[in-house]
Chemist: 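Before we start, here is the structure in question, set down as structure tokens.
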Amino acid sequence: MKQGFIDVVVGLQWGDEGKGKNIDELISHGKYAGVARFQGGANAGHTLKYKNTTFVGHIVPSGCLQKDVELYIGNGVVVDVVSLIKEIDELKNFGFKITPRLYISNRAKLVSYLHPFIDQADEHYRNKRGAKIGTTSRGIGPAYADARARRGLLVGDVLLSDFVEKEKILADFHMNVLNMYQEKYGFKINLQKIKEAEKKWWEALEELNKLQICDLSFLIQKRLSEGKNILAEGAQAVMLDIDFGDYPNVTSSNTLPANVCLGLGVPHTALRDIYGVIKAYTTKVGGGNFPARIKDVVLEKAFQDAGHEFGATTGRPRMCGWLDIFALRHAVMLSGVNKIFINKADICKSSKMKVVIGYKNGRKILKEFPLYLSQVTDVITEEIPGWGQKNYGVKDKKNVSKELQSYLNYIEKKLLDLDVKIIAVGTGQDRDQFFRWSK
């Protein structure tokens with residue numbers, strides 16, 4: 001029997017590129033038997049639209065609206081069990097019972113009820129130093145930190161007889177950490193909120209016990225040996241990778257496709273196509289510098305409103321900027337992407353679309369991506385004619401405006417030496433609002 005393969009979808013900017021739409025559309029063709037999350041946690045927000053249903057997933061893989069697709073949560077994921085159970089219930093109310101096809105790695109990490117409070121305390125401390133990162137306060141960073149310090153809880157621990165004892169040891173440690181933040185940095189501990197969070201967490205754990213917790217690496221490799229294909233779903237994006245993003249303004253996991261192997265427990269030989277997702281412009285949420293940001297406040301607000309640029313997890317407004325080709329080339333080279341989806345090409349609020357093609361540090365034009373984005377003092381841009389609202393809902397390449405066609409040709413030319421091509425372009429929120437650009 002022919003061996004199955006794993007394709008990967010990752011964001012190539014700073015997140016919020018609309019990956020959920022592209023993942024859902026890819027899965028709809030029946031090519032994949034399953035979709036897998038391999039990193040991140042409930043800090044991700046993937047918005048899916050299906051007929052009259054809109055679902056925002058934070059931890060459940062995006063294939064949840066496809067009834068015959070298995071769903072995998074890998075060992076590289078930190079699991080917010082309260083969010084997970086809430087999403088399962090919400091999907092059930094929509095008519096999608098996913099528990100028979102949902103598999104969770106016993107090696108995935110548990111987000112405890114105290115992790116979000118530690119996250120908030122750490123942000124409080126950073127804010128006092130003027131170095132706030134702008135996390136989602138979902139406890140993702142502290143959960144990964146505990147895993148690296150080898151004191152965290154695994155999902156598989158809930159099935160073992162000593163789980164309560166392990167949890168108490170960790171909770172005592174966390175309370176000591178919170179007391180330190182309170183005594184040294186003035187963070188206020190809200191014991192009532194902690195008590196409420198603890199109650200919800202234990203209730204959710206009871207439901208977690210009923211789900212299919214397994215050796216996911218073994219299961220996925222079994223599916224591959226059966227000739228079945230799997231789509232690996234990235235959360236956040238390449239420019240937020242903890243090793244290669246604008247540290248420390250990054251997420252707490254490795255977002256690059258290379259982490260699929262470690263986050264699911266599969267060999268690199270299983271990977272095939274790497275799909276990258278971008279927007280026709282660029283957005284960023286959270287702290288840190290953003291070189292491509294639109295300097296005209298009114299114009300930035302116009303893009304923000306037209307693109308509904310507010311975080312799916314936090315509701316925070318996103319900074320809006322021009323398409324950053326310099327950063328995009330960096331992301332493509334890091335990730336090995338060979339196919340690109342471009343979303344929100346229907347949104348153009350300027351008669352001239354600028355494109356960032358280079359970074360400067362004083363008079364010096366940077367050839368390499370800088371260690372810190374704060375080192376970028378200015379950007380080099382080129383202008384392309386805008387296209388207004390002409391392309392909303394377009395589903396056929398022949399109906400695309402000349403201006404947008406020129407813009408897409410321009411992007412492909414800038415990426416030509418990297419052997420990557422644009423395959424589809426989104427023209428609206430719904431899954432079928434896109435057109436094929438190339439095969």
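Keep in mind that this is a model prediction, so the values were computed, not measured. Basis for what follows: all heavy atoms, side chains included, without hydrogens, waters or symmetry-related copies.
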Chemist: Which is it for R293 and E300 under the salt bridge (charged side-chain N to carboxylate O under 4.0 Å, His left out) test, yes or no, and what are the steps along the way?
Modeler: CA-CA 8 Å; R293 189 171 186 176; E300 181 189 28; 2.8 Å; yes

Chemist: Looking at L373, is its backbone amide N or carbonyl O close enough to the side chain of D246 to form a donor-acceptor pair, meaning the two atoms are under 3.5 Å apart?
Modeler: yes

Chemist: Once rounded to the nearest 0.5 Å, what's the spacing between atom CD1 of I104 and atom CZ of R37?
Modeler: 12.0 Å

Chemist: Taking the side chain as C-beta and beyond, is there a heavy-atom pair between Y275 and K19 under 4.5 Å?
Modeler: no

Chemist: Is K395 salt-bridged to D430, cutoff N-O under 4.0 Å?
Modeler: no

Chemist: Mark yes or no for whether N361, through its side chain, and K364, through its backbone, hold a donor-acceptor pair below 3.5 Å.
Modeler: no

Chemist: Step by step, work out the side chain to side chain contact (heavy atoms under 4.5 Å, CB included) result for I357 and F326.
Modeler: CA-CA 5 Å; I357 61 168; F326 191 73; over 6 Å; no

Chemist: Hey, are N338 and D419 close enough side-chain-wise for a donor-acceptor pair under 3.5 Å?
Modeler: no

Chemist: Decide whether D119 and S137 meet the rule of one side-chain donor and one side-chain acceptor closer than 3.5 Å.
Modeler: no

Chemist: Do N43 and H58 get their side chains close enough for a donor-acceptor pair, meaning under 3.5 Å?
Modeler: no

Chemist: Just by distance, do the side chain of E87 and the backbone of V60 share a donor-acceptor pair under 3.5 Å?
Modeler: yes

Chemist: When rounded to the nearest 0.5 angstrom, what is the spacing between CZ in R223 and CG in N229?
Modeler: 13.0 Å

Chemist: If you measure from CD1 on I23 to OH on Y32, what distance do you get to the nearest 0.5 Å?
Modeler: 10.5 Å

Chemist: Within the structure provided, determine whether I6 and R272 are in side-chain contact (heavy-atom separation under 4.5 Å).
Modeler: no

Chemist: Please say which of L114, I118, V78, D122 ends up in a side-chain contact (heavy atoms from CB on, under 4.5 Å) with P142.
Modeler: I118

Chemist: Are the side chains of I384 and V355 in contact, using a 4.5 Å heavy-atom criterion?
Modeler: yes

Chemist: Which distance, rounded to the nearest 0.5 Å, do you find between the CG of N106 and the CD of Q212?
Modeler: 13.0 Å

Chemist: Can a donor-acceptor pair be found, under 3.5 Å and without considering hydrogens, that links the side chain of Q236 to the backbone of T255?
Modeler: no

Chemist: What is the minimum heavy-atom distance between K397 and W437, and which atoms define it?
Modeler: NZ-O, 3.0 Å

Chemist: Any idea how Y185 and Y125 line up, ring-wise: parallel (<30°), tilted (30 to 60°), or perpendicular (>60°)?
Modeler: tilted

Chemist: Restricting to non-hydrogen atoms, name the atom on C261 and the atom on H268 that form the minimum distance, rounded to 0.1 Å.
Modeler: SG-CA, 3.4 Å

Chemist: Does CG in D68 sit with more than 12 non-hydrogen atoms of other residues, nucleotides or ligands closer than 6.0 Å?
Modeler: no

Chemist: With a 4.0 Å cut-off on N to O distance, would you call E403 and K390 a salt bridge?
Modeler: yes

Chemist: Find out whether M353 and Y407 are in side-chain contact, i.e. whether some heavy atom of one side chain is under 4.5 Å from a heavy atom of the other.
Modeler: yes

Chemist: Let me confirm one number: the CD-CD distance from Q3 to Q221, rounded to the nearest 0.5 Å.
Modeler: 8.5 Å

Chemist: I'd like to know if the side chain of Q66 pairs up with that of D24 as donor and acceptor (distance under 3.5 Å, no hydrogens or angles considered).
Modeler: yes

Chemist: Specify the closest pair of heavy atoms between R436 and A424, including all atoms of both residues, with the distance to one decimal.
Modeler: NH1-CB, 4.1 Å

Chemist: For the residue pair Q304 and H308, confirm or rule out a side-chain donor-acceptor distance under 3.5 Å.
Modeler: no

Chemist: Is the backbone N or O of S401 less than 3.5 Å from a side-chain atom of N391, with the two atoms forming a donor-acceptor pair by type?
Modeler: yes

Chemist: Can you tell if the side chain of V420 reaches within under 4.5 Å of the side chain of K339, non-hydrogen atoms only?
Modeler: no

Chemist: For N254 and D243, run side chain to side chain donor-acceptor pair (under 3.5 Å): C-alpha distance rounded to whole Å, both residues' side-chain angles, the deciding distance at 0.1 Å, then the answer.
Modeler: CA-CA 7 Å; N254 286 109; D243 283 314; 2.9 Å; yes

Chemist: Please check if the side chain of W201 supplies one atom and the backbone of V111 the other of a donor-acceptor pair under 3.5 Å.
Modeler: yes

Chemist: Let me see the working for I140 and D80 under side chain to side chain contact (heavy atoms under 4.5 Å, CB included), right down to the final yes or no.
Modeler: CA-CA 9 Å; I140 307 304; D80 180 336; 5.9 Å; no

Chemist: Evaluate L256 against V10 for side chain to side chain contact (heavy atoms under 4.5 Å, CB included), listing each step before the verdict.
Modeler: CA-CA 7 Å; L256 295 175; V10 294; over 6 Å; no

Chemist: Using 0.5 Å steps for rounding, measure from the CD atom of E123 to the OH atom of Y181.
Modeler: 10.0 Å

Chemist: Quick one: closest heavy-atom pair of R101 and C64, and the distance?
Modeler: NH2-O, 2.8 Å

Chemist: Does L26 offer a backbone N or O that forms a donor-acceptor pair with the side chain of H29 under 3.5 Å?
Modeler: no

Chemist: Please state whether the rings of Y103 and Y72 are parallel, tilted or perpendicular, taking 30° and 60° as the class boundaries.
Modeler: tilted

Chemist: Looking only at side chains, do T283 and K279 share a donor and an acceptor under 3.5 Å apart?
Modeler: yes

Chemist: Is a side-chain N or O of Q433 found less than 3.5 angstrom from the main chain of Q429, in a donor-acceptor match?
Modeler: yes

Chemist: Looking at A327, is its backbone amide N or carbonyl O close enough to the side chain of D324 to form a donor-acceptor pair, meaning the two atoms are under 3.5 Å apart?
Modeler: yes

Chemist: Can you find a pair of side-chain heavy atoms, one from T251 and one from D241, that are under 4.5 Å apart?
Modeler: no

Chemist: So does K31 have more than 12 non-hydrogen atoms from other groups sitting under 6.0 Å from NZ?
Modeler: yes

Chemist: Kindly say whether the aromatic ring centers of F369 and Y359 come within a distance under 6.0 Å.
Modeler: yes

Chemist: For I278 versus L12, what's the shortest heavy-atom pair and its separation?
Modeler: CG2-CB, 3.7 Å

Chemist: List the steps, then state whether side chain to side chain contact (heavy atoms under 4.5 Å, CB included) holds for V9 with L231.
Modeler: CA-CA 7 Å; V9 177; L231 189 65; 3.9 Å; yes

Chemist: E309 and K344: salt bridge (charged side-chain N to carboxylate O under 4.0 Å, His left out), yes or no, with the steps?
Modeler: CA-CA 11 Å; E309 298 297 352; K344 297 196 175 182; 2.9 Å; yes

Chemist: The test is salt bridge (charged side-chain N to carboxylate O under 4.0 Å, His left out); show your working for E226 and K222 and say whether it passes.
Modeler: CA-CA 6 Å; E226 294 167 347; K222 183 174 183 293; 2.7 Å; yes

Chemist: Any donor and acceptor pair, going by atom type alone, linking the side chain of E207 with main-chain N or O of A204 inside 3.5 Å?
Modeler: no

Chemist: A side-chain contact here means heavy atoms from C-beta on lying under 4.5 Å apart; do L65 and L91 qualify?
Modeler: yes

Chemist: For a quick test of reading the model, state the closest non-hydrogen atom pair linking F290 to C320 and the distance between them.
Modeler: CE2-C, 3.8 Å

Chemist: For the aromatic rings, using the six-membered ring if either is Trp, is the centroid distance between W322 and Y281 under 6.0 Å?
Modeler: no

Chemist: Is there side-chain contact between V266 and S217, with heavy atoms separated by less than 4.5 Å?
Modeler: no

